[in-house]
Amino acid sequence: MCVTAVESRPAGVLGASESPSHRPPIGARVKAFVALTKPRIIELLLITTVPVMFLAQRGVPDMTLVLLTCVGGYLSAGGANALNMYIDRDIDALMDRTSQRPLVTGMVSPRECLAFGVTLAVVSTLLFGLTVNWLSAWLSLGALLFYVVVYTMILKRRTSQNIVWGGIAGCMPVLIGWSAVTDSLSWAPLILFLVIFFWTPPHYWPLSMKVKEDYARVGVPMLPVIASNKVVAKQIVIYSWVMVVVSLLLTPLGYTGWFYTAVALAAGGWWLWEAHALQNRAKSEVTGGKLKEMRLFHWSITYVSLLFVAVAVDPFLR
């Protein structure tokens, strides 16, 4: 697969070698470095980290520990995202949805981005190891390396299963949250790990359906690029059913009670309704805006938020 490399700093954007008086304002530069960490994605990662700490503690965990875990998690995920942008800067310049990223606009140079990402990786690992525990540190570093090396460098441009296996990196915050409290692992975080694993494809594929022309333009074989909407929708339904079933395993194993079960059933039921509705529209060969694939994408974020809020609240109602 050949991907065209392009200059990540477009003409007219001043670089570090030019006159300091013409460089972008400090505030704009700070915003650009923050943008490298993809804060909105990290919000979702923290939503799956903190509630697990409540479940592991079976109550309110030490708030200092929660803060340190959140900071460490933000720095680690931010470093991974910055390194992802460094590696993908060639295709980011060609895709509409990524055309305003800091490396594409020239607000941050590739060298600065690489140094920034590596620095965050080192700092986050040391922060976890020295203030939380080393199990959490290695899990965090493992997630970062998996995302950068396995997903971004190996899978993303080679296989339509990229998001399936690459999504493992996004499952790791669940393990990190549990290990931060217990310095160990258990079946509960492993089950929630699997929930996120099976959640990731049906969460991301609807978005990929919406922007598949972008991915096709740069040769990234996301499933919607190489398969019909009917095939993608069928896969979404399969993963959705497995996700909902796995989410219900916490209760029979004794980790959660009636409240979590009620939320998991209600939220999961609505998810399945939306997934099957998307499949029906795809079977009818509906295209364009009438396919309404983004309905499931937006609901997927609400679903995971509700499910993990229930994880945090349930211990107080048992």
Side-chain angles (χ1 to χ4, degrees), residues 41 43-45 47-48 51-52 55 160-168 170-171 173-174 187-212 222-224 227-314 317:
I41 293 179
E43 288 176 10
L44 198 58
L45 296 178
I47 285 174
T48 63
V52 176
L55 182 63
S160 62
Q161 295 297 298
N162 47 21
I163 200 65
V164 175
W165 300 107
I168 289 175
C171 305
V174 174
W187 282 111
L190 292 176
I191 290 170
L192 290 170
F193 176 100
L194 290 175
V195 170
I196 299 300
F197 177 80
F198 290 111
W199 169 86
T200 301
H203 157 69
Y204 198 79
W205 280 335
L207 175 62
S208 300
M209 294 169 78
K210 179 73 172 180
V211 298
K212 63 182 179 181
M222 291 293 179
L223 184 62
S228 67
N229 287 341
K230 287 189 288 186
V231 171
V232 177
K234 180 179 179 180
Q235 290 295 309
I236 286 174
V237 167
I238 292 172
Y239 275 91
S240 297
W241 271 100
V242 176
M243 175 197 71
V244 172
V245 171
V246 171
S247 73
L248 297 172
L249 294 178
L250 284 176
T251 301
L253 291 177
Y255 291 105
T256 53
W258 68 268
F259 180 76
Y260 170 83
T261 304
V263 173
L265 283 171
W270 187 260
W271 176 298
L272 293 174
W273 175 275
E274 289 288 353
H276 280 280
L278 176 60
Q279 184 183 34
N280 291 335
R281 292 191 293 271
K283 284 181 177 179
S284 301
E285 298 186 353
V286 172
T287 58
K290 293 182 178 180
L291 185 59
K292 300 178 182 179
E293 64 280 301
M294 293 300 286
R295 281 174 59 97
L296 184 58
F297 172 78
H298 292 305
W299 169 249
S300 69
I301 299 173
T302 302
Y303 168 83
V304 80
S305 301
L306 291 174
L307 191 73
F308 278 83
V309 166
V311 166
V313 172
D314 191 83
L317 301 177

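Applying the side-chain hydrogen bond (donor to acceptor under 3.5 Å, both in side chains) definition to pairs two or more places apart or across chains, those involving residues 241-267 are Ser186-Tyr255, Trp241-His276, Thr251-Thr256, Thr251-Thr261.
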Check the pair Tyr303 / Leu296 against side chain to side chain contact (heavy atoms under 4.5 Å, CB included), numbers first and verdict last.
-> CA-CA 10 Å; Tyr303 168 83; Leu296 184 58; over 6 Å; no

When you look at Leu249 and Trp187, which way does the side chain to side chain contact (heavy atoms under 4.5 Å, CB included) test go after all the steps?
-> CA-CA 10 Å; Leu249 294 178; Trp187 282 111; over 6 Å; no

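Expressed to the nearest 0.5 Å, how far CG of Asn229 lies from CZ of Arg281 amounts to 11.0 Å. Taking CG from Asn162 and OG from Ser208, the interatomic distance works out to 8.0 Å, rounded to the nearest 0.5 Å. In this structure, the separation between OG1 on Thr302 and NE2 on His298 is 9.0 Å, given to the nearest 0.5 Å. A distance of 10.0 Å separates CG in Leu278 from CZ in Arg295, rounded to the nearest 0.5 Å. The distance from the CD1 atom of Ile236 to the CH2 atom of Trp271 is 8.5 Å, given to the nearest 0.5 Å.
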Compile the donor-acceptor pairs under 3.5 Å between side chains in residues 282-293 and protein atoms, sequence neighbours left out, one pair per line.
unit_1 : atom_1 : unit_2 : atom_2 : d
Ser284 : OG     : Asn280 : O      : 3.0

Review item, side-chain donor-acceptor pairs of residues 188-197, under 3.5 Å, at least two apart:
none

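When side chains are defined from C-beta on, Val246 counts as touching Val242, because their heavy atoms get closer than 4.5 Å. You'll find the side chain of Asp314 stays beyond 4.5 Å of the side chain of Leu55, heavy atoms only. In this structure, Val174 and Phe308 have side chains that are in contact, with non-hydrogen atoms separated by less than 4.5 Å. The shortest distance between side-chain heavy atoms of Met209 and Phe297 does not fall below 4.5 Å.
The two residues Ser300 and His203 make their nearest non-hydrogen contact at OG-ND1, 2.6 Å. Between Ala264 and Leu248, the shortest heavy-atom distance links the atoms CB-CD2, 3.8 Å. Between Thr200 and Gly167 the shortest heavy-atom distance is CG2-CA, 4.1 Å.
Under the 30°/60° scheme for interplanar angles, the aromatic rings of Tyr239 and Phe198 are found to be tilted.
With hydrogens and angles ignored, the 3.5 Å screen pairs no side-chain donor or acceptor of Trp199 with any backbone N or O of Met243.
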